[in-house]
Amino acid sequence: MVRFILSKFFYMIVSLFILISVTFVLMKAIPGNPFMSEKAVPPSIQQHLMAKYGLDKPLYEQYLKYLGNLARGDFGISMKMKDQGVSDLIWGSFGPSLRLGIIAIVVSIVVGIGLGMLAALYHRKLIDNVAMILAVIGMSVPSFVLASLLQFYLAQKAGIFKVMGLNGPLDYVLPVMALSAQPIAFIARLARSSMLEVLHSEYIKTAKAKGLAWPIIMWRHVIRNGIMPVVTYVGPMTANIITGSVVIEQIFGIGGLGKIFVSSISNRDYTLIMGVTIFYGIILMVARLLTDIAYAFIDPRIKLSKGKEG
Amino acid sequence: MKKKSMLALLTLLLIAGTVLAACGSVKKTASSGKSGEVAPAAEQVFRINFSSEPPTLDPGIAQDNAAITVLHAMYEGLTNVDSSGKSIPGVAETWDISQDGKTYTFHLRKDAKWSNGDPVTANDFVFAWDRALKPDLASPYAYQLYYVKNAQAYNEGKITDASQVGVKAVDDYTLEVQLENATPYFLNLTSFVTYFPVHKSVKDNEKWAADPSTMIVNGPFKLTNWTKGASLELVPNENYWDKKDIKLTKIQISIVNSGATELASYRSGQLDFAGKPVGEIPADQIDAVKKELPSELSIKGVATTYYYLFNVTAKPFDNVKIRRALTMAIDRQKLVSQVTKGGELPAFGFVPPGIIGEKQEFRTEHKDTDLLSENVDQAKQLLAEGLKEEGLTAFPKVTLTYNTGENHKKIAQAITDMWKTNLGIDVTLENQEWGVFLENRRNLNYQIARAGWGADYNDPMSFLDIFTSTSGNNDTGFKNAEYDSLVKQAYASNDAKTRMDAMNKAEQILIKDNNVIMPIYYYSNTALIKPYVKGVIIDYAGNIFFDRAYIEK
């Protein structure tokens with residue numbers, strides 16, 4: 001187990017290093033700089049600015065300096081949001097994304113698995129059909145369309161919820177609905193099909209024949225085996241949702257990480273681009289690692305010590 | 001079977017329970033932001049949305065609309081500007097201007113105080129201007145102070161002795177300013193953010209302008225909360241000398257970069273103001289808004305011009321006849337009434353309405369229709385002549401470049417369509433990301449490119465000096481000695497008539513004689529304001545001031 005995690009960790013560091021280097025080079029290759037605007041700044045002021053942020057140095061020097069600072073845990077200062085540390089900006093905007101994300105994930109998993117189970121139990125019955133129709137709709141309606149519809153009818157027309165912002169508990173309802181609709185649908189379908197497979201397997205029949213109580217069969221055999229595919233999906237989904245959905249944040253006016261990432265690129269805010277990219281990278285990698293570990297807990301057939309190629 | 005349905009029920013309960021539990025936990029984490037949701041009329045709250053966050057609230061380096069709008073509520077300069085554009089006393093009670101127009105002496109009011117109770121003195125202005133000009137602050141807007149004697153040399157590092165810069169505190173309440181040239185609009189400039197005083201405490205704290213608790217201000221409001229990426233909140237400054245005129249008890253600024261969300265919010269009553277200059281109403285919603293909320297809609301000219309640039313250094317636009325043909329062959333009225341639809345005015349000149357001339361507005365004294373007219377037949381003939389002069393048999397392949405944006409795209413499509421219909425020429429469209437676009441334009445790596453320019457101060461000079469040969473903003477390659485000397489002449493003179501005549505002449509050279517640019521329209525701002533909000537001022541350039549606003553429900 002420890003060996004497995006250590007080797008994973010080593011690969012994470014290597015991937016991160018590659019990510020940093022490639023992003024750095026690509027970012028510098030985009031024309032423009034953080035100080036451009038329609039109204040050109042006089043050349044002498046442009047020079048002051050470049051010098052202040054070390055952009056007048058050769059590229060390799062900037063790169064090495066950045067790596068050095070990074071090794072000391074210093075993400076630098078934003079070039080656009082003057083005097084604000086990149087790490088402060090990231091943490092500040094990660095808060096709303098994280099809160100929203102966690103709620104959306106919990107809702108997706110619980111509702112998704114629940115729907116899937118119901119559908120499997122009532123295979124080819126009304127509940128199954130209704131659940132699967134809902135799932136198809138949920139899968140095929142893009143989240144931004146759903147978000148706009150929810151916003152228009154429930155907030156603007158009916159006035160039940162606020163149109164924008166994240167100030168009270170009720171403000172979470174619409175973005176969470178928009179964020180979780182697709183994962184719910186996906187999870188429900190996954191859970192249903194794998195659960196059906198399990199329900200028809202020999203060992204369930206054996207268990208039934210032995211006269212085990214239904215709840216025990218359900219809990220010990222059906223659910224544990226049935227949610228394996230769901231776990232595979234939940235890992236990447238978690239990373240995706242937590243790092244913020246740019247579009248949903250935009251529609252509901254939530255100042256999350258997605259918004260910062262997009263604006264940092266159009267602003268050529270070099271330090272912020274790097275910071276957010278690294279942060280995203282780490283979250284994705286950690287989510288994958290956790291998924292691998294979760295496998296082992298659910299399915300004893302998977303042995304961590306052998307899972308090197310991951 | 002019965003067992004199964006029991007189980008289903010249990011599952012459902014479990015789901016419901018977990019969902020409710022999740023909701024319950026949300027309540028706990030988010031209940032802190034519950035205050036001030038609904039504003040009673042007595043509470044006087046003004047709610048506005050910004051589509052971008054102020055990158056800084058340091059008046060010495062701020063240069064964007066969002067920051068400037070907030071800073072105008074937080075600080076006060078030597079003068080203020082009233083709704084008609086006239087300079088009125090701010091921190092300075094009175095002022096004297098020398099005969100040659102080069103020395104300004106400001107007499108400061110003795111009751112002006114900082115939010116911590118310190119008096120505002122002439123030294124605070126000297127400190128602030130010196131700070132903004134210091135090369136190591138690297139203020140992108142330092143050039144706003146270049147009118148002050150030796151300010152440019154000091155900023156460029158050519159002189160290091162701060163005492164040579166033309167600003168001096170004669171005593172605590174007298175500020176003397178020496179200018180490089182007589183600058184008739186200097187009073188107007190002293191109400192601009194770069195000229196605001198800054199409290200001396202900022203010397204020891206580099207990050208003071210990012211944190212409300214370290215911002216000591218001298219204006220009507222102070223910042224109490226700044227949640228990065230989400231909101232700003234201002235309350236009145238009890239130490240402001242004119243606090244009796246301040247009615248609002250709170251200003252709430254949300255930061256949401258989506259016109260659709262902003263408009264929906266306004267309609268649902270979550271905002272009191274939506275639209276320009278700090279927010280946005282989506283262009284495709286303007287028709288609906290005009291129909292549904294006509295009494296809340298405000299459309300106002302903003303002294304900004306939308307135009308296309310020709311790269312005059314490369315074929316085929318090194319030929320003035322070809323440039324003129326394209327400039328004459330579009331229907332601007334049709335464009336503003338059917339494409340942009342935001343109350344814009346067709347433009348035939350570069351200096352927009354709203355800019356003051358000798359006695360009246362410059363555009364009233366010098367009609368833009370004298371510079372340019374639309375005439376398809378003449379355009380066709382000019383195009384044919386131009387092509388012949390260039391030795392071309394057909395119109396070459398030409399690309400029109402614009403920065404990515406829905407509105408720019410629609411306009412470019414409409415214009416190329418008019419060229420095709422009227423002149424029979426094909427022009428390819430290309431959109432570029434903002435940074436890439438600016439870089440290409442600056443390096444003259446284009447044929448026709450979009451541009452827009454707004455006033456920094458209320459004088460035609462704010463526009464015309466960008467096309468001098470040495471200007472960093474002249475992205476056309478146009479170099480004309482007579483133009484340069486006319487601009488210089490206007491700079492040097494203190495006589496209104498001489499200045500305006502010179503600038504009128506310069507504009508004629510730019511457009512009538514050379515067609516360096518193709519004016520398209522004069523911008524207007526579209527905004528929605530709730531009928532119960534009074535006293536919001538939108539000035540000639542579209543800047544918004546809400547420090548004296550009040551709520552009347």
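Note: hydrogens, waters and symmetry copies are ignored here, and every other heavy atom, side chains too, is used. Residue numbering restarts at 1 for every chain, and letters A, B, ... go by the order of the sequence lines.
Neither the backbone nor the side chain of A:Ser93 comes within contact range of chain B; no heavy atom of the residue lies under 4.5 Å from a heavy atom of that chain. Proximity to chain A is absent for every atom of B:Ile466, based on heavy atoms less than 4.5 angstrom apart. At a 4.5 Å heavy-atom cutoff, the contact between A:Lys52 and chain B is made by side-chain atoms alone. Contacts of B:Ile255 with chain A are made by both backbone and side-chain atoms, with heavy-atom separations under 4.5 Å. In this structure, no portion of B:Ala62 lies under 4.5 Å from any heavy atom of chain A. With a 4.5 angstrom heavy-atom cutoff, B:Trp453 touches chain A only via side-chain atoms. When heavy atoms are compared at a cutoff of 4.5 Å, B:Asn403 does not approach chain A at all. Heavy atoms closer than 4.5 Å to chain B are found in the side chain of A:Ile77, but not in its backbone. Looking at B:Ser471, neither its backbone nor its side chain comes within 4.5 Å of chain A, counting heavy atoms on both sides. Neither the backbone nor the side chain of B:Phe437 comes within contact range of chain A, judged by heavy atoms closer than 4.5 Å. Within the 4.5 angstrom heavy-atom criterion, no atom of B:Leu57 approaches chain A. In this structure, chain A has no heavy atom under 4.5 Å from any part of B:Ala260. Looking at B:Ser254, only its side chain comes within 4.5 Å of chain A, counting heavy atoms on both sides.
Per-residue heavy-atom pair counts under 4.5 Å with chain A were compared for B:Asp456, B:Asp475, B:Asp211, and the maximum is reached by B:Asp456. Contact count versus chain A (heavy atoms, under 4.5 Å) is highest, among B:Ala264, B:Ser268, B:Gly472, B:Ala210, for B:Ala264. Contact count versus chain A (heavy atoms, under 4.5 Å) is highest, among B:Ser139, B:Ser265, B:Gly229, B:Ser52, for B:Ser265. If you tally non-hydrogen atom pairs under 4.5 Å between each of A:Val41, A:Leu49, A:Ile102, A:Asn33 and chain B, the highest count goes to A:Leu49. Contact tally against chain A (heavy-atom pairs below 4.5 Å) for B:Pro54, B:Ala138, B:Gly157: the top residue is B:Ala138. Between chain B and the residues A:Ser78, A:Gly85, A:Gly253, the largest count of heavy-atom pairs under 4.5 Å involves A:Gly253.
Considering all non-hydrogen atoms of both residues, A:Gln84 and B:Pro55 come closest at NE2-O, 3.9 Å. Of all non-hydrogen atoms in A:Ala40 and B:Tyr143, the two that sit nearest each other are O-OH, 4.3 Å.
You'll find the side chain of A:His48 reaches within 4.5 Å of the side chain of B:Asn155, heavy atoms only. Side-chain contact between B:Glu156 and A:Ile45 is absent, with no heavy atoms from C-beta onward closer than 4.5 Å. Residues B:Glu439 and A:Met36 fail the side-chain proximity criterion, which asks for heavy atoms closer than 4.5 Å. Two residues are said to be in side-chain contact when any heavy atoms from C-beta on lie closer than 4.5 Å; A:Phe252 and B:Thr261 fail this criterion. Looking only at side-chain heavy atoms (C-beta outward), A:Trp91 and B:Lys228 stay at 4.5 Å or farther from each other. Using a 4.5 Å cut-off on side-chain heavy atoms (C-beta onward), B:Asn440 and A:Pro31 make no contact.
Formation of a donor-acceptor pair under 3.5 Å by the A:Gln250 side chain with backbone atoms of B:Asn257 is found in this model. The main-chain N or O of A:Val163 is found under 3.5 Å from a side-chain atom of B:Gln270 such that the two form a donor-acceptor pair.
We find the CD-OG distance between B:Gln152 and A:Ser44 to be 6.5 Å, quoted to the nearest 0.5 Å. Expressed to the nearest 0.5 Å, how far OG of B:Ser258 lies from CD1 of A:Ile254 amounts to 11.5 Å. In this structure, the separation between NZ on A:Lys39 and CG on B:Leu438 is 13.0 Å, given to the nearest 0.5 Å. The CZ atom of A:Phe35 sits 10.5 Å away from the CD atom of B:Gln63 when rounded to the nearest 0.5 Å. Within the model, atoms CE of A:Met164 and OH of B:Tyr266 stand 13.0 Å from one another, a figure rounded to the nearest 0.5 Å.
Within 6.0 Å of atom NZ in A:Lys28, more than 12 heavy atoms from other residues, nucleotides or ligands are found, so the atom counts as buried in its surroundings. Within 6.0 Å of CE in A:Met177 there are 12 or fewer heavy atoms belonging to other residues, nucleotides or ligands.
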Walk me through whether A:Arg268 and B:Glu433 qualify under salt bridge (charged side-chain N to carboxylate O under 4.0 Å, His left out).
CA-CA 12 Å; A:Arg268 307 286 190 275; B:Glu433 190 267 350; 2.5 Å; yes
